[in-house]
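This one's a predicted model, so the numbers in the text were calculated from it and none came from an experiment. Hydrogens, waters and symmetry mates are skipped; everything else that's a heavy atom, side chains included, is used.
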Amino acid sequence: MRATIDLNCDLGESYGAWRMGEDAAVLPLISSANVACGFHAGDPAVMRRTVRLAHAHGVAIGAHVSLPDLQGFGRRELRISADEAYELTLYQLGALHGFARAEGAAVAHVKPHGALYNMAARDPALAAGIAAAVHDFDPRLVLYGLAGSALPAAGAARGLAVAHEAFCDRSYEADGSLSPRSLPGAVLDDPAAAAAQLLALVRDGALTARDGSRVAIRCDSVCLHGDRPDAASYARHLRAVLAAAGVAVAPPRA
């Protein structure tokens, strides 16, 4: 059983008059916030507000970088080169850094979103482009990526601290990849099922895949999805489960 685990959440995904999530209620319950940087969600006002709230709660601030796809919420795959992955990562990271600096805070990590996250997990060239941008911006930043995938491998090769990320509310395939959202049961809506998977990850470093096989998963950080309609109560339930198991919540160390 791990003594501590990082709970990260994708936040700042409102846009203009449109509101998503329960950011203010979720922030006190997590240790790391992945702030949308305007490419898949978020806008300057939302970024500023989210950074300010995260800093007030002592939550680590991260750039949630994405493909340029507001209409598709960053979940549609777009063909990009490694150089384009570098450039869009650096652009979004710089934008969030500006807001963090203005609030007396700092950016601590980078985590790709949606399709970019999954593409970088599979494609070493894209992963290397993202890792290079993070390193060139600030080699002290932590790079988050799907556990055991090409992205944390690229970060480690660049000398970055990396966080192998796991999901308690998503099902997995036998090869350790996330089940496509198009498949039935890909998202675990039941908080009890998510809590059981969380404990398996923290206690055993393994979980049961969709086909019933047992899969080892390195778990430095667990993602909570802030776009759930019950995001705050869900996060509160998982914190209670971890507390009962004697597991503290803290961001990963660089």
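- Considering every non-hydrogen atom in both S66 and G74, the closest pair reads OG-CA, 3.8 Å.
- Under a hydrophobic-cluster definition in which Ile, Leu, Val, Met, Phe, Trp and Tyr are linked whenever side-chain heavy atoms come within less than 4.5 Å, directly or via other members, L126 and L93 are assigned to the same cluster.
- Ring centers of F39 and H113: at least 6.0 Å apart, outside the cut-off.
- By the 4.5 Å heavy-atom criterion applied to side chains, L224 and V26 are not counted as neighbours.
- Atom CZ of R48 is separated from atom CG of L53 by 12.0 Å, given to the nearest 0.5 angstrom.
- Taking CZ of R75 as the reference point, atom CG of N118 lies at 10.0 Å (rounded to 0.5 Å).
- Listed by chain and number, the hydrophobic cluster partners of L199 are V241, where partners are ILVMFWY side chains within reach of under 4.5 Å, directly or through others.
- Salt bridge status for R214 with D204: present, with a side-chain N to carboxylate O gap under 4.0 Å.
- Side-chain contact between V110 and F137 is absent, with no heavy-atom pair separated by less than 4.5 Å.
- H55 is linked by a side chain to side chain donor-acceptor pair (under 3.5 Å) to nothing, counting only residues two or more places apart in sequence or in another chain.
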Worked check of side-chain hydrogen bond (donor to acceptor under 3.5 Å, both in side chains) between Y144 and N34:
CA-CA 10 Å; Y144 283 52; N34 316 311; 5.6 Å; no
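- W18 and V46 end up in different hydrophobic clusters when Ile, Leu, Val, Met, Phe, Trp and Tyr side chains are linked at under 4.5 Å.
- There is no path of hydrophobic side-chain contacts, each under 4.5 Å, that joins Y234 to L188.
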Hey, mind stepping through H225 and D10 against side-chain hydrogen bond (donor to acceptor under 3.5 Å, both in side chains) and telling me if it holds?
CA-CA 6 Å; H225 283 101; D10 306 341; 4.7 Å; no
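- A pairwise comparison of heavy atoms in A60 and A108 identifies CB-CB, 4.2 Å as the closest pair.
- If you check the side chains of S221 and D6, you find a donor sitting under 3.5 Å from an acceptor.
- Separating the CZ atom in R49 from the CG atom in L11 is a distance of 11.5 Å, to the nearest 0.5 Å.
- A continuous path of Ile, Leu, Val, Met, Phe, Trp and Tyr side chains, each step under 4.5 Å between heavy atoms, connects L78 with Y91, placing both in one hydrophobic cluster.
- Counting only heavy atoms from C-beta outward, the side chains of S149 and R122 never approach each other to under 4.5 Å.
- The shortest side-chain heavy-atom distance between V222 and L238 does not fall under the 4.5 Å cut-off.
- Using modelled atom types, one side-chain atom of D43 and one backbone atom of G16 make a donor-acceptor pair closer than 3.5 Å.
- Using a 3.5 Å distance cut-off with no hydrogens or angles, the side chains of S81 and D83 do not pair a donor with an acceptor.
- Minimum heavy-atom separation, D175 to S177: OD1-OG, 2.6 Å.
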For the pair I61 and T50, evaluate side chain to side chain contact (heavy atoms under 4.5 Å, CB included) and give the outcome as yes or no after the intermediate values.
CA-CA 9 Å; I61 297 166; T50 308; over 6 Å; no
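- The side chain to side chain donor-acceptor pair (under 3.5 Å) check on D23 picks up nothing, with sequence neighbours excluded.
- Other members of the cluster containing L183 do not exist, because no ILVMFWY side chain is joined to it at under 4.5 Å.
- Comment: E165 does not engage R218 in a salt bridge, judged by the lack of any side-chain N to carboxylate O separation of less than 4.0 angstrom.
- Atom OH of Y15 has 12 or fewer neighbouring heavy atoms from other residues, nucleotides or ligands inside a 6.0 Å radius.
- Taking CE from M47 and CZ from F99, the interatomic distance works out to 5.5 Å, rounded to the nearest 0.5 Å.
- Looking at every heavy atom in both residues, P112 comes nearest to L151 through CG-CD2, 3.6 Å.
- No side-chain heavy atom of V249 sits less than 4.5 Å from a side-chain heavy atom of T4.
- Two residues are said to be in side-chain contact when any heavy atoms from C-beta on lie closer than 4.5 Å; M20 and F73 meet this criterion.
- Within 6.0 Å of atom CZ in R170, more than 12 heavy atoms from other residues, nucleotides or ligands are found, so the atom counts as buried in its surroundings.
- For A132 against R158, the heavy-atom pair with the smallest separation is CB-NH2, 3.5 Å.
- Using a 4.5 Å heavy-atom cutoff, the side chains of V142 and V162 are not in contact.
- Between L116 and I130 there is a side-chain heavy-atom pair separated by less than 4.5 Å.
- Counting non-hydrogen atoms of neighbouring residues, nucleotides and ligands closer than 6.0 angstrom, the CZ atom of R101 reaches no more than 12 such neighbours.
- Taking CG from L90 and NE2 from H135, the interatomic distance works out to 13.0 Å, rounded to the nearest 0.5 Å.
- The main-chain N or O of A231 is found under 3.5 Å from a side-chain atom of E22 such that the two form a donor-acceptor pair.
- Checking Q92 against H64 by side-chain atom types alone, no donor-acceptor pair falls below 3.5 Å.
- Smallest separation of non-hydrogen atoms from A166 and C219: CB-SG, 3.9 Å.
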Quick one, L7 with L29, criterion side chain to side chain contact (heavy atoms under 4.5 Å, CB included). Give me CA distance, side-chain angles, the key distance, then yes/no.
CA-CA 8 Å; L7 289 184; L29 303 168; over 6 Å; no
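- Members clustered with V215: Y117, L146, F167, Y172, L178, L201, L207, I217, by chain and number, using a 4.5 Å side-chain heavy-atom cutoff among hydrophobic residues.
- A distance of 4.0 Å separates CG in D69 from CZ in R76, rounded to the nearest 0.5 Å.
- With sequence neighbours excluded, the residues forming a side chain to side chain donor-acceptor pair (under 3.5 Å) with D211 are S213, listed by chain and number.
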